[in-house]
Amino acid sequence: MLDHLIRRATVVDGTGAPSYTADVALKDGRIAQIAEPDTLAPQTARTSEDAHGLVLAPGFVDPHTHYDAQLFWDPYATPSMNHGVTTVAGGNCGFTLAPLHPDRPEDADYTRRMMARVEGMALKALEDGVDWGWSTFGEYLDALDGRIAVNAGFMVGHCALRRYVMGPDAVGGQPTPDQLDAMLRLLHEAMDAGAWGLSTTQSSTHSDGDGHPVASRHARPAELLALSKAVGQHEGTQIEAIVAGCLDQFSDEEIDLFVEMSAVAGRPLNWNVLTIDAAVPERVPRQLAASERARRAGGRIVALTMPILTPMNMSLGTFCALNLIPGWGDVLNLPVPERIERLRDPGVRAEMLRRADSKEAGVFRRLADFGRYVIGDTYSEANAGLTGRVVRDIAAERGQDPFHCLVEICANDRLRTVLWPMPTDNDPASWALRQETWQHEDVLLGGSDAGAHLDRMCGAPYTTRFLGDCLRGRKLVSLEQAVKMLSDDPARLFGLRERGRIEEGYHADLVLFDPERIEAGPATLVHDLPGDSPRLDSKAIGVVSVRVNGVETIRDDAVTGAVPGTVLRSGRDTRTVSVK
C-alpha cells in the first residue's frame, strides 16, 4: 500500500519543463509513482488529499545558511521550512561548531562568542540551547542525526580547523609544516565523516568575540590551496569562500585566489553575495569575470545572489551592518554614554559620513543615505509618534541634516531605536539587471544567511516572496523557471542524490502551495530563542504542506512535530560535480 497520495496537483517538477496535472504517490520516503489525474484510487494509500488548484513543487534547497546551532533547539529550521525549504547547506563562511579540541574546553566558549559576534546569534541561546558535547566533526554530525526535520549538509569551517590545531595562535599566527599537516588530517577526517567540503573567509567584516580578525583571515594562499587540494580527494565535496571583494568588487589577487582554489580542488567554489544595483553597472561584470576565468582554468566559481530585497533591522546600540562601515566600529563599540557623546560631536559625524561614502566602504555605501531611513520601535516620550516616519521628513521639520537628526532620535532612546534603511536599488533598472544576471550559468539564487543575524535581518522567506513576485508581481521569470532556480539548480550544484526534482524514485521532498496566495509575511520580532532571546520571524502565506522524505513537517504554516530529516553526508548523499 502507498503511504500518501496527492491527487490532481499542478506539478512543477523542478526541471523547468511546463507544468502538468497529475497524481503523485509516495512510499517509503520516495516518489513511487506519477500518474495521470484520477487514475490512482485514494484507497490505494493510507492517506490522500485533493490538491486541485494547488502547485506541487520539489522542496527548496537553501545553499547558504547558518543553522549549525539553531537545529539543536529548533529541529524545524524555522522559518525556512515554513517557506518550503526542505534542504539547507550549513557550515558556511569558515564558521562551524566543530571540531573542538577535547583538551581545551575554553575553545567552545571562544567559538560561542565568535558566532555571537560575527553571525549575530544570541550568546544566551548558544550557551543554553546547544550541549557542546562533541570533539570531532563526525561527532557533531552524529549529534544532529535523527533529530532534525529538514535535510542538512555542512561544510567544515577553516576557523575551527585552525583553532583546533593552533589554539589561540590561530588568530595572528602561521602554521608550522607539522601544524598544516595536522589541519589537513583533520579536514580529511571531517570529509570522511560526511562534511561537504571546506568553507573559509578572508573578509574584513569578520571579527571574533574579542574584535580580532577571525582565524582564517590570517591564512596565506599556500595554506588555502593545500586545504583546497584536500577537498578534491573526496567524493561529493565543495568549497565555499568569502573575501573582502565579495561585498563590492574583487581585486585581481582575490580572483586569482578563487580560481586557483577551485582549479586545484577540481570542485565548484561558491561565494556570496552578488549585490546587483543598476547604479553600479560595473559590479556584475567584474564579479562574474572570476567565473569566466575559472572555467578557462579548469575550475568553477558560482555567485550566490538574492532574488528579493531583504529588509534589515539596525540600531546604533547593538552590533549590525553599520559597525562594518570602515572606521565606524571605533565609535559604535564604545560604551553607550561615551558613544552618544561622540555621535553628538559634529566633527565625528562628519568623519563618519566621509568614511561611509568612501570607496573603501564598498557595498556599505548603500547604508549612507540616512534621510531614507524609517524609524522603527522607539522607547522614549521624546520620540513618541516617530515610528514609521522617514528621517528626511523629520529632519526637514527640525532644520537638521538627516544624520544629525537620526543621532538625536537614537540618543533619546539611549541608542535602542530600531532603524530600517530603505533600499536604494529597488528601481526598474536594477530589477532588469537582476533578471539578466540570473540567466548566467554561474549565478545561483541564495545567500539568505538563515539562522544568523537573527534580530537584524530575515532572509529565510526569499523562496515564497520570490514565487509571489513571479506569479503576481514583476513576473521576471516563469513559475517553472522560478521553481527550478529554487530547487534543482542548487541541488545540482551540491550534487545531491535524487533530490531537487519531482521524479519517480526521487526522495519525496515536496512543497504544496496555493499559487494565488503564495507570499511571505512581514518580518516581526519574536522572543522564542533559548534565554528569551529575540529574532525576526516571517509567516509563510499560501504554503499548504511541506514534506521531507515523504513525511509532512508543515501544514498551513504550523510544524507537525515530525523529524524525518537526514544529515546529508558527502559521498553517501552527494556525488562529485564536474567543473567542466
Side-chain angles (χ1 to χ4, degrees), residues 63-64 89 92-94 199-206 217 221 224 228 238-263 265 267-310 321 324-326 358-367 423-427 429-449 459 462 466 476-477 485 489-490 493 577 579:
H64 189 101
N92 288 294
C93 300
S199 74
T200 187
T201 180
Q202 299 268 302
S203 175
S204 56
T205 63
H206 288 157
R217 285 179 58 186
L224 290 162
S228 298
Q238 301 268 323
I239 300 173
E240 186 269 345
I242 308 292
V243 293
C246 291
L247 293 173
D248 190 15
Q249 295 179 53
F250 293 135
S251 67
D252 290 341
E253 293 76 15
E254 289 171 335
I255 292 178
D256 289 343
L257 178 62
F258 272 11
V259 169
E260 290 179 46
M261 288 173 66
S262 178
R267 296 288 187 271
L269 178 154
N270 76 80
W271 64 274
N272 87 105
V273 59
L274 174 59
T275 303
I276 301 172
D277 186 346
V280 192
E282 66 275 14
R283 179 182 293 137
V284 170
R286 175 61 177 177
Q287 300 303 74
L288 296 185
S291 300
E292 291 151 12
R293 276 195 49 195
R295 286 192 177 274
R296 293 195 298 269
R300 186 183 178 202
I301 295 173
V302 177
L304 305 189
T305 191
M306 287 287 276
I308 66 167
L309 299 180
T310 304
L324 305 179
I325 298 173
S358 67
K359 181 175 177 55
E360 65 177 332
V363 73
F364 295 110
R365 289 194 299 271
R366 292 150 45 95
L367 300 177
T424 59
D425 52 353
N426 197 22
D427 56 295
S430 293
W431 284 106
L433 183 57
R434 290 187 183 97
Q435 182 183 35
E436 175 187 347
T437 304
W438 295 339
Q439 298 173 26
H440 193 283
E441 61 184 339
D442 291 320
V443 171
L444 183 74
L445 297 191
S448 74
D449 263 358
Y462 76 97
F466 176 54
L476 298 181
V477 300
M485 294 161 79
D489 285 353
L493 173 67
V577 175
V579 295

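Nearest heavy atom pair, residue L288 against residue T437, reads CD1-CG2, 4.3 Å. Minimum heavy-atom separation, P490 to L444: N-CD1, 3.6 Å. For the residue pair L304 and G447, the shortest heavy atom distance occurs at CD1-N, 4.2 Å. The nearest pair of heavy atoms linking P285 to P281 is CD-O, 3.2 Å. Nearest heavy-atom pair across S262 and I301 is CB-CG1, 4.5 Å. Scanning both residues, C246 and W271, for their nearest heavy atoms gives SG-CE3, 3.5 Å.
For the atom pair CD of Q287 and CG of L247, the computed distance is 9.5 Å after rounding to the nearest 0.5 Å. Atom NE2 of H64 and atom CG of N92 lie 4.5 Å apart (nearest 0.5 Å). Residue L476 holds its CG atom at 10.5 Å from CD of Q439, rounded to the nearest 0.5 Å. Put simply, OG1 on T200 and CG on L224 are 5.0 Å apart, with the number rounded to the nearest 0.5 Å. D248 contributes atom CG, which lies 4.5 Å from atom CZ of R283 (distance to the nearest 0.5 angstrom).
Take E282 and apply the salt bridge (Lys or Arg N to Asp or Glu O under 4.0 Å) test, not counting sequence neighbours, and it matches no residue. Taking the ring pair (Phe, Tyr, Trp, His ring centres under 6.0 Å) definition, one finds that F364 meets it with nothing, sequence neighbours left out. A search for side-chain hydrogen bond (donor to acceptor under 3.5 Å, both in side chains) contacts involving D252 returns R286, not counting sequence neighbours. In this view, S228 satisfies the side-chain hydrogen bond (donor to acceptor under 3.5 Å, both in side chains) rule with no residue, not counting sequence neighbours. Taking the side chain to side chain contact (heavy atoms under 4.5 Å, CB included) definition, one finds that P326 meets it with R355, E360, A361, sequence neighbours left out. Applying the salt bridge (Lys or Arg N to Asp or Glu O under 4.0 Å) test to R300 and every residue at least two apart in sequence or in another chain returns D442. W438 meets the ring pair (Phe, Tyr, Trp, His ring centres under 6.0 Å) test with F466; sequence neighbours excluded. With sequence neighbours excluded, the residues that form a side-chain hydrogen bond (donor to acceptor under 3.5 Å, both in side chains) with R434 are D425. The side chain to side chain contact (heavy atoms under 4.5 Å, CB included) test applied to S199 returns M155, E240, not counting sequence neighbours. For T205, the side-chain hydrogen bond (donor to acceptor under 3.5 Å, both in side chains) test picks out S203, with sequence neighbours left out. D256 is linked by a salt bridge (Lys or Arg N to Asp or Glu O under 4.0 Å) to R293, counting only residues two or more places apart in sequence or in another chain. For Y462, the ring pair (Phe, Tyr, Trp, His ring centres under 6.0 Å) test picks out no residue, with sequence neighbours left out.
Formation of a donor-acceptor pair under 3.5 Å by the R365 side chain with backbone atoms of K359 is found in this model. Using a distance-only test at 3.5 Å, with no hydrogens or angles considered, no donor-acceptor pair links the side chain of R267 to the main chain of I239. For Q202 (side chain) and A241 (main-chain N/O), no donor-acceptor pair under 3.5 Å exists by modelled atom type.
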For this session: Begin with the C-alpha distance, continue with both residues' side-chain angles, and end with the deciding distance and a verdict on side-chain contact (heavy atoms from CB on, under 4.5 Å) for V577 and L493.
Result: CA-CA 7 Å; V577 175; L493 173 67; 5.5 Å; no
